[in-house]
Amino acid sequence: MESKLQKETDMRKEITAIVVVVGLVLTGIIFVVRPVLAFPVSAPLNPVELTTVSLPSGVYNAGYSTTLTSTADPSSGPVWSLISGTLPAGILLSSAGVLSGTATKIGDYATTIQVYDGYTTDSASFTLSVTSPMAYTPGTLLKQTGLAAVYLLGTDMKLYSFSTPTEFLSYGYGWGVIVEIPEREMTMYLLANTIQMRSGTLAKEPDTGAVFLIQNGEARLFPSGEVFLGLGYQWGAIATTVPGETAWYARGADMAVSSPLSHLAGTKVKIDASAAVYLLELDGSTLKKRWIPSESVYLNTGWQWVEVVTISPEEMATYPDGPVMWYRDGTLIKGADQTACYLLDHGLKRPFNSADDFEAMRYSWAAIQTALQYEADSIPLGVYLQPDQAKYDELAARRAAAAAAQWSSEYAAGTVNTAVGSFTYKMVKATITGTTVKTFSGEPSECVTNCQTQALQTYVQYGGGFAGMNGSYFCPPDYAYCGGKVSAYDTPLWDWDRQSWINWSNKDWDHRAAITFVGGTPSSYWAGWWSNNGDGTFNTWHDSIPPSSGITAGIFNYPMLIHNSAIIASADNTDTKQRDQKGRRGAIGYNGTHLMLVVAENATVIDLAYIMQSLGATNSLNLDGGGSSALYAEGGYQVGPGRSLPNAIVLVH
């Protein structure tokens, strides 16, 4: 019995033969003809299938080629096409099913490809990843040489930008961990969205003083100080934004003290009877608490202890447990008992083959986080990080340029002879060329009391420095005459993080003076009283006015020791303690080629002016001394650590 398919084929042959014969008769041409088919046979019994399972990854600026496969007979000429998504720039799909070219952007590219065999189609979705030969990993902070913009490399290998310092600092990042790369590398990456302030950030508008909690893209106003304090927040945790920044966020509901009390995602919480700290974080629609297992993990996030809110055990019990917090990707880490350094990448610690590899990728030694040894040991080991040849070439060029510039830094201790006697001193001296000065405040804004402080070593490591020194006069907790202004300082300071002055309105008080910097290039300014107005006020004069913007670092204090080679410190501009009491004194100074951080022993402030002059300074500013004295160099304290400091000076190479 014939099949249906065979019957259809025979019928087609008969129809074809009849048509051909009739046509020839009508034209007068009669001869024997061979029957032919008028149209193709029926479609194959089995539809085509696309058999490629995945696409191999490509590398930026390197040749790429892969051939897609299917069940279609290649000789029949199946046609391939892109039906949705995108391919990396520089990669094309041919109709023959060949993906090839040279990728000019890195990232993950989702695409859907179809094959057509003339009868049926099949399609599949793929992700084609183009990786960086420079081996930078998600979580890395990048900026282009010569430009100010900073970006976070996301898990999709796109660059997410920070538009303000507030956004950057809300995630706890430090400027010292940013990797500076040349334009040729920056152009590899696709740009993504701007990053908003982290949920849980307390933000204050500088013009109005209004304080908001940033929460999931909304700014929620604290209507009163009572509400702020009633929720357990501390004033020192507030970050001052750029003017109008909170207006970029949708206005959420005002903050309120609820009953029973509860807090929002992004809050760090603890109960009074325990040292354990948790982060409240949304998991879907459920607010959970994530345990932060150690101080080093907490500090890795960049959070300050003043941000922790103490809550009741009853409130804590309402939050179910979430996953434990851990070090974030992009962190440079070492164990407390080891010297080997690793980069964290997707839960793995990836080692460097050598110090050259580390420096070729432009990482900073000061950015390495020291973890508890058991924490470092518990992280699985990943593959080595490997720079490309261009990175090694750039490293060699940087080293050659540094050698040509004859940059140098030294730590020295000894005795110096002056016109007023001999004094022992300790000093860090570095060439202006090749050195950047950074001034940091522990407080994110102007502060009246209970101001945030840090150890000098913390400032140095945060800023990526090789040396540092304590900054201006402040009120330690044990100084009763400060009137409760604990750890506050009055003199202006240019804060590197926020790139603005703190306490700028106080620049004219009481013979105040300043040294400012653009990179490592210094300038000196000072002011003085010149007459009493009869009502207890004074007029002031300036030899020149310090700039209110356009600098990178700056610090005020009093008095100016040396200005344009002339000794300024005298009985007229010093108080009794400065003028008569001998003790430990500190100063910053410079001349045409070098910067100097100096701590001298058994000296008055006037003595210190002569010491700085004998050490070669042509301009010098008195800093805090006594129990606040601290000098950090060659990987450790040479003086101190002294008190915890509200501000500090850091030198960076």
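Bear in mind that the values here come from a model prediction, so they are computed numbers and not experimental data. Heavy atoms only: backbone and side chains are in, while hydrogens, waters and symmetry mates are out.
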Open item on the list: For Trp494 together with Phe517, are the ring centres under 6.0 Å from each other?
Closed with: no
Open item on the list: Could you check whether any side-chain N or O of Tyr590 sits under 3.5 Å from a backbone N or O of Ser524, counting only pairs where one atom can act as donor and the other as acceptor?
Closed with: yes
Open item on the list: So Phe556 and Asn503, do their side chains get closer than 4.5 Å, heavy atoms only?
Closed with: no
- [ ] Taking Asp495 for its side chain and Ser500 for its backbone only, find out whether a donor-acceptor pair lies under 3.5 Å.
- [x] no
Open item on the list: Suppose we call two aromatic rings close when their centres sit under 6.0 Å apart. Are Tyr462 and Trp496 close by that rule?
Closed with: no
- [ ] Give a yes or no answer on whether the side chain of Glu205 reaches the backbone of Gly244 with a donor-acceptor pair at less than 3.5 Å.
- [x] yes
Open item on the list: Salt bridge check, Lys485 against Asp490: does any charged N sit closer than 4.0 Å to a carboxylate O?
Closed with: yes
Open item on the list: Is any side-chain heavy atom of Thr164 closer than 4.5 Å to one of Met197?
Closed with: no
Open item on the list: Check Glu359 with Arg398, please: is the shortest side-chain N to carboxylate O separation under 4.0 Å?
Closed with: no
- [ ] Check whether any side-chain heavy atom of Pro547 sits under 4.5 Å from a side-chain heavy atom of Tyr525, and report yes or no.
- [x] yes
Task: Asp607-Thr418 side chain donor-acceptor pair, cut-off 3.5 Å - done: no
Open item on the list: Between Tyr459 and Tyr632 (judged by ring centroids, cut-off 6.0 Å), do the two rings come close enough to count as a pair?
Closed with: no
- [ ] Indicate whether any N or O donor in one side chain lies under 3.5 Å from an N or O acceptor in the other, for Ser422 and Asn417.
- [x] yes
Open item on the list: Tell me if a side-chain donor or acceptor on Ser170 pairs with a main-chain N or O of Glu167 at a distance below 3.5 Å.
Closed with: yes
- [ ] Return the set of residues passing side chain to side chain donor-acceptor pair (under 3.5 Å) with Thr424 (not counting sequence neighbours), or none when no residue passes.
- [x] none
Open item on the list: Within the 4.5 Å heavy-atom criterion, are Asn622 and Tyr558 side-chain neighbours or not?
Closed with: no
- [ ] Just jot down the side chain to side chain donor-acceptor pair (under 3.5 Å) partners of Thr516, sequence neighbours excluded, or say none.
- [x] none
Task: Whether over 12 other heavy atoms sit under 6.0 Å from Phe168 CZ - done: yes
Task: Flag side-chain contact, heavy atom, 4.5 Å: Tyr136 against Tyr363 - done: yes
TODO: Hey, could you give me each pair passing side chain to side chain donor-acceptor pair (under 3.5 Å) that has a residue in residues 331-341? Not counting sequence neighbours.
DONE: Asn300-Thr331
Open item on the list: Are Phe423 and Tyr610, when compared by the centres of their aromatic rings, separated by less than 6.0 Å?
Closed with: no
